[in-house]
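Here is the structure we will look at, set down as structure tokens.
Letters A, B, ... are given to chains in the order of the sequence lines, protein chains preceding strands, and every chain is numbered from 1.
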Protein chains: 2
Amino acid sequence: MAEHPCGTCRFYQDSIWQPLPMASASLLSKGFVRRELAAGETLYHQGSGCRSVYCVSGGLFAIRSIGPDGTSSLMRLAYPGEIIGYRAFLKGGEHSTEASALMPSRVCTVAERDARHVIRASPAVLERIAKRCADGLDQCREQLMSKETVSNKDRLFDLLNRLMSAFGEEAGGGRRVRLPMSRQDLADLIGVAPETLSRLLSRLEREGALRASGRRIEMPADPAQRAAQR
Amino acid sequence: MAEHPCGTCRFYQDSIWQPLPMASASLLSKGFVRRELAAGETLYHQGSGCRSVYCVSGGLFAIRSIGPDGTSSLMRLAYPGEIIGYRAFLKGGEHSTEASALMPSRVCTVAERDARHVIRASPAVLERIAKRCADGLDQCREQLMSKETVSNKDRLFDLLNRLMSAFGEEAGGGRRVRLPMSRQDLADLIGVAPETLSRLLSRLEREGALRASGRRIEMPADPAQRAAQR
DNA sequence: CGCTCGGTTGAGCGTCCTCAACACCCGTGG
DNA sequence: CCACGGGTGTTGAGGACGCTCAACCGAGCG
């Protein structure tokens, strides 16, 4: 019989497609596509109108905004478990950003048509999508807030910590990670010029919070906490 | 018979409660309360859990965030036509901000219970609320964006223009408005220290974009445009 | 009168931006 | 093998902007 397509997913219990009555589940299965993306591949383009709902189930996505002059800037990251593309789905317009994989990644896709079918049959799904949207709003406001209250250096440190805990590995009394993005992207992410980012990294390094060499970042296990505490 | 409670509202055509089948409309009427607030009155408190959905139908509301240390800061304004309180409604948690009237104002309130009843009967309403949430998200990102790209002076000018067109009046070859908030609030709104706000105003004045005296702001009609163009 | 409160003005300072030069990595091509 | 060039990242100098602290001003009020 129709198993729930998210049944084996690591994020099943928090899935927006769950719980679902049997009939809706088989409806969902029809429109459900699991997709692997190589690093650099783009999932959807800014301005495109293909309004699927995507659930990141592995890897990392860059949500970029492309200015009228062609320059693009990394606005935020989407980690496994996050829903992306819901904004265009809810508003029914075009995507206002583009999403591309920063490392080999996987998404589960439900095409707009099918998603709307499922929602018609099970309105609770829409409720859960709306909740994700409200979460996104909270995050955005949080970001706006921290921009005023937290120093760029600290925000960079927080970001690196987040990446470290998501993708890092243990390495002799500390952790190590290979950053999946360029300095330029890193700079965009915390909202600073690349030169400034470089200097912030130097400062963190001088303070003993980390060691950086190219895209390799190492952080001492406990000492970093103590040093960063200051 | 049960008229639609929003029927006579200036924002009826964009109402989230519209269109609605007759049966749902009378359901809505039951939970529908129009409320007048005096300047300074607060609509809901941060941390409170009474999750009505509010529609601003007149006046102006301040959405404030109150820090753990008791200091409050004006995060954003809610103009007539906007829905507020939907975040707590969607997430089912407490309000993360407080809303208070900056001038004599009016809101239309639908209590959580009744709102959920209406939604159960007419899921399209939830869809419209979700859309408003996505709008809010867009606005928030827009704000984040403009923070990086637009100077504080220009952002202040834009804000004053917005207030001017919402609440200003014609006055001898220009427009005039009485600001419904303190300098501190104005400063919070554009994310700047009060001293800096004062200087920004001086600069705008020196450039001929406006004349400010206390809470009175005057803007020349066309010359301002030309002067601001520079 | 003197108080407080909101607002303005001034001085000093830190941070970040811009522009520019330079260092480095790694490919291609001689 | 080495020279070259582009892309990427770092470093330096100079300047703009906003923050903080502090003094001051004016209005409203006991």
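Side chains of A:Gln184 and A:Asp188: a donor on one and an acceptor on the other come within 3.5 Å. Between A:Arg175 and A:Asn161, the side chains place a donor N or O and an acceptor N or O closer than 3.5 Å (distance only, hydrogens not considered). For the 3.5 Å distance criterion, the side chains of B:Thr109 and B:Arg35 fail to qualify, holding no donor opposite an acceptor.
Distance, A:Asp185 CG to D:dG9 C1': 13 Å, rounded to whole Å. Regarding B:Ile190, its CD1 atom lies at a distance of 14 Å from the C1' atom of D:dC19, rounded to whole Å. As a whole-Å value, the separation of B:Asp188 CG from D:dC19 C1' is 15 Å. Computed from coordinates, the A:Glu148 CD to C:dC16 P distance equals 14 Å when rounded to whole Å. When the P atom of C:dG7 is taken as reference, atom CZ of B:Arg216 falls 15 Å away, rounded to whole Å. In this structure, NZ of A:Lys147 is placed 13 Å from P of D:dC19, rounded to the nearest angstrom. Straight-line distance from the CZ atom of A:Arg215 to the C1' atom of C:dC24: 15 Å, rounded to whole Å.
Note on ring orientation: taking the six-membered ring where Trp is involved, the planes of A:His95 and A:Tyr54 are tilted (angle from 30° to 60°).
The main-chain N or O of A:Pro194 is never found under 3.5 Å from a side-chain atom of A:Ser198 such that the two would form a donor-acceptor pair. A distance-only check finds a donor-acceptor pair linking the side chain of B:Lys147 to the backbone of B:Gly191 [under 3.5 Å].
Residues of residues 176-183 of chain A having a heavy atom closer than 4.0 Å to DNA chain D, listed by number: A:Ser182, A:Arg183. Across residues 195-202 of chain B, B:Glu195, B:Ser198, B:Arg199, B:Ser202 each have a non-hydrogen atom less than 4.0 Å from an atom of DNA chain C (numbered order).
Within 6.0 Å of the CZ atom in B:Arg211, the count of heavy atoms belonging to other residues, nucleotides or ligands does not exceed 12.
For C:dC16, one of the phosphate oxygens OP1 or OP2 lies less than 4.0 angstrom from a side-chain nitrogen or oxygen of A:Asn152.
One distance of note links CG of A:Asp135 with SG of B:Cys133; it measures 9.0 Å at 0.5 Å rounding. B:Ile63 CD1 to B:Thr97 OG1: the interatomic distance, rounded to the nearest 0.5 Å, is 5.5 Å.
Considering only the side chain of B:Arg203, D:dC17 comes nearest among D:dG9, D:dC19, D:dC17.
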